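For clarity, every value in this text was computed on a predicted model and none was experimentally measured.
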Protein chains: 2
Amino acid sequence: MTGTLPPQDDSLRAARERFVALWGQMGSTWGIPRTMAQVHALLFVRGEAMNTDEVMEGLGISRGNASMTLRRLVDWGIVSRVHRRGDRKEYFLAEQDVWKMFRTILAQRKKREIEPLLDALADCRLDRTTGRKRKVDQASAAIESHNDRLQDLLVAMRAIDSICDRFSGPGGKGLEIAVKLLDRAS
Amino acid sequence: MTGTLPPQDDSLRAARERFVALWGQMGSTWGIPRTMAQVHALLFVRGEAMNTDEVMEGLGISRGNASMTLRRLVDWGIVSRVHRRGDRKEYFLAEQDVWKMFRTILAQRKKREIEPLLDALADCRLDRTTGRKRKVDQASAAIESHNDRLQDLLVAMRAIDSICDRFSGPGGKGLEIAVKLLDRAS
DNA sequence: GGGTTGTTTCAGAAATATTTGAAAATCGCC
DNA sequence: GGCGATTTTCAAATATTTCTGAAACAACCC
């Protein structure tokens, strides 16, 4: 129970706050709502399950916001719901294994953002069959180079997509292994 | 000169617009201002140098916005300034090598966002020397586990940082090589 | 069923981030 | 060293995202 700390431990409180602020800011740089990153940071840095009220209190946010945000974190899979016997409230616990956490985040962002992009990107290419026949050479050259460019991009994105696969699993230790592998390779 | 196309080539125009919109949206998901991503997309998909007015016209944005955004892209290093003899205007050309482009983006984000984070993260740890002596065991345990958690996170982030190094250079082909390497490894 | 506790939803409010546009600065040239 | 052309800057306006709070909903217990 870290909830009530000796008064001399303002330093711990302060350090936690610094971390929450830092993580929140980093999140918003990478397109994650500041509050979502902060809630995650709070749960992570405390290392114990907290209920909605404690999160609200700890960050000074509204119930609605806390509820939505916690749900989102659970959906992502980096926070889990926990129940305590004899308590009707729901508690939330952040994944404590940081490698697992990063793998999960990577997998989620791949699934939600990269995969759909691949399809959409493919649809930005054109087939050359539109114009009737000759005389459209200039246009047809433009179309060809357009397609080439998009094809290059698509190939690269597919490669990145498959890097994400390697890193994020499925064998549990993806990211860690990749780190070692890449460190070894000159 | 793709500027003026035969009328039947609305399909090319449309495909370009689709790509610009797509890339813009993807950018904003990853924390890059939509317009910045759109300007980049426009330059990339055209494959030729454009001046500020053409960009403004092409995306329907203001001069100020175009100017700021183009500068930012040049600062990032994925767009370069080009001058045409006999023309006082500045032209802008997007990097056409997609691998090089991704490497540059990665290197930039690492430098701007990950590196500073490492330092800040280190500052979220506490030294145990604060409390007087005994009697603070409970608090001291809390501090210790706080430090452990942050240490884990820091170690992981450092590893990610060094993955970025591998990928983004320095030998020119970082990302491409990494892709192959990881694909080979079972 | 009705009372109590806890959770979710969502329209409007607030906070943030982005964009505009016009003035100021810079540049190249004569 | 002054002039038109071009680029940059930045305060104010706008757009977008995020947050609030109160009402609706759900679960549990008696």
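For B/Ser67 and D/dT8, the shortest distance from a side-chain N or O to OP1 or OP2 is below 4.0 Å. For C/dA17, the OP1/OP2 oxygens have a side-chain nitrogen or oxygen of A/Arg34 closer than 4.0 Å.
Positionally, the nearest nucleotide of DNA chain C for A/Tyr91 lies more toward the 5' end than for the other of A/Tyr91 and B/Thr35. Each of B/Ser62 and A/Ser28 lies near DNA chain C, and the nucleotide nearest A/Ser28 is the one positioned closer to the 5' end.
A straight line from CZ of B/Arg71 to C1' of D/dT7 spans 10 Å, rounded to a whole angstrom. Atom CE of B/Met50 and atom P of D/dT7 are 14 Å apart (whole Å). Between the CG atom of B/Leu70 and the P atom of D/dT9 there is a distance of 13 Å, given to the nearest Å. Rounded to a whole Å, the CD atom of A/Gln38 is 12 Å from the C1' atom of D/dT18. Separating the CZ atom of A/Phe92 from the P atom of C/dT7 is a distance of 7 Å, rounded to the nearest angstrom. Residue A/Ile32 contributes atom CD1, which lies 11 Å from atom P of D/dT18 at whole-angstrom precision. A/Asp53 has its CG atom 9 Å from the C1' atom of C/dG6, to the nearest Å. Rounded to whole Å, atom P of C/dT19 lies 11 Å from atom CE of B/Met36.
Within the helix from C/dG1-D/dC30 to C/dC30-D/dG1, the inter-axis angle between the opening and closing five-pair segments is 20°, rounded to 10°.
At distances below 3.5 Å, at least one donor-acceptor pair connects side-chain atoms of B/Arg149 with backbone N or O atoms of A/Val45. No donor-acceptor pair under 3.5 Å is formed between the side chain of A/Ser67 and the backbone N or O of A/Gly64.
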Exercise for the section: Dump the intermediate steps for side chain to side chain donor-acceptor pair (under 3.5 Å) on B/Gln151 and B/Arg125, then the final yes or no. Expected result: CA-CA 8 Å; B/Gln151 184 62 27; B/Arg125 291 172 304 183; 2.5 Å; yes

Practice task
May I have the step-by-step check of side chain to side chain contact (heavy atoms under 4.5 Å, CB included) for A/Leu43 and A/Met50, ending in yes or no?
Solution key: CA-CA 7 Å; A/Leu43 292 172; A/Met50 297 173 75; 3.8 Å; yes

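Ring geometry for B/Phe167 versus A/Phe167: interplanar angle under 30°, hence parallel rather than tilted (30 to 60°).
For B/Glu115 and B/Lys111, the salt-bridge test fails: no basic side-chain N is under 4.0 Å from an acidic carboxylate O. Remark: B/Lys110 engages B/Asp161 in a salt bridge, criterion side-chain N to carboxylate O under 4.0 Å.
Seen from the ring of A/Phe92, A/Arg81 does not count as a face-on cation partner, given the 6.0 Å and 45° thresholds.
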Under-3.5 Å N/O pairs linking protein and nucleotides 2-4 of chain D:
| unit_1 | atom_1 | unit_2 | atom_2 | d |
| --- | --- | --- | --- | --- |
| D/dG4 | N2 | B/Arg88 | NH2 | 3.2 |

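Note on B/Arg63: a base of the nucleic acid sits closer than 4.0 angstrom, heavy atoms only.
When the nucleotides C/dC10, D/dT6, D/dT20 are ranked by their closest atom to the side chain of A/Met68, C/dC10 comes out on top.
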Show every donor-acceptor pair shorter than 3.5 Å between a side-chain atom in residues 53-61 of chain B and any protein atom, with sequence neighbours excluded, or say none if there are none.
| unit_1 | atom_1 | unit_2 | atom_2 | d |
| --- | --- | --- | --- | --- |
| B/Asp53 | OD1 | B/Arg63 | NH2 | 2.9 |
| B/Glu54 | OE1 | B/Asn51 | N | 3.0 |

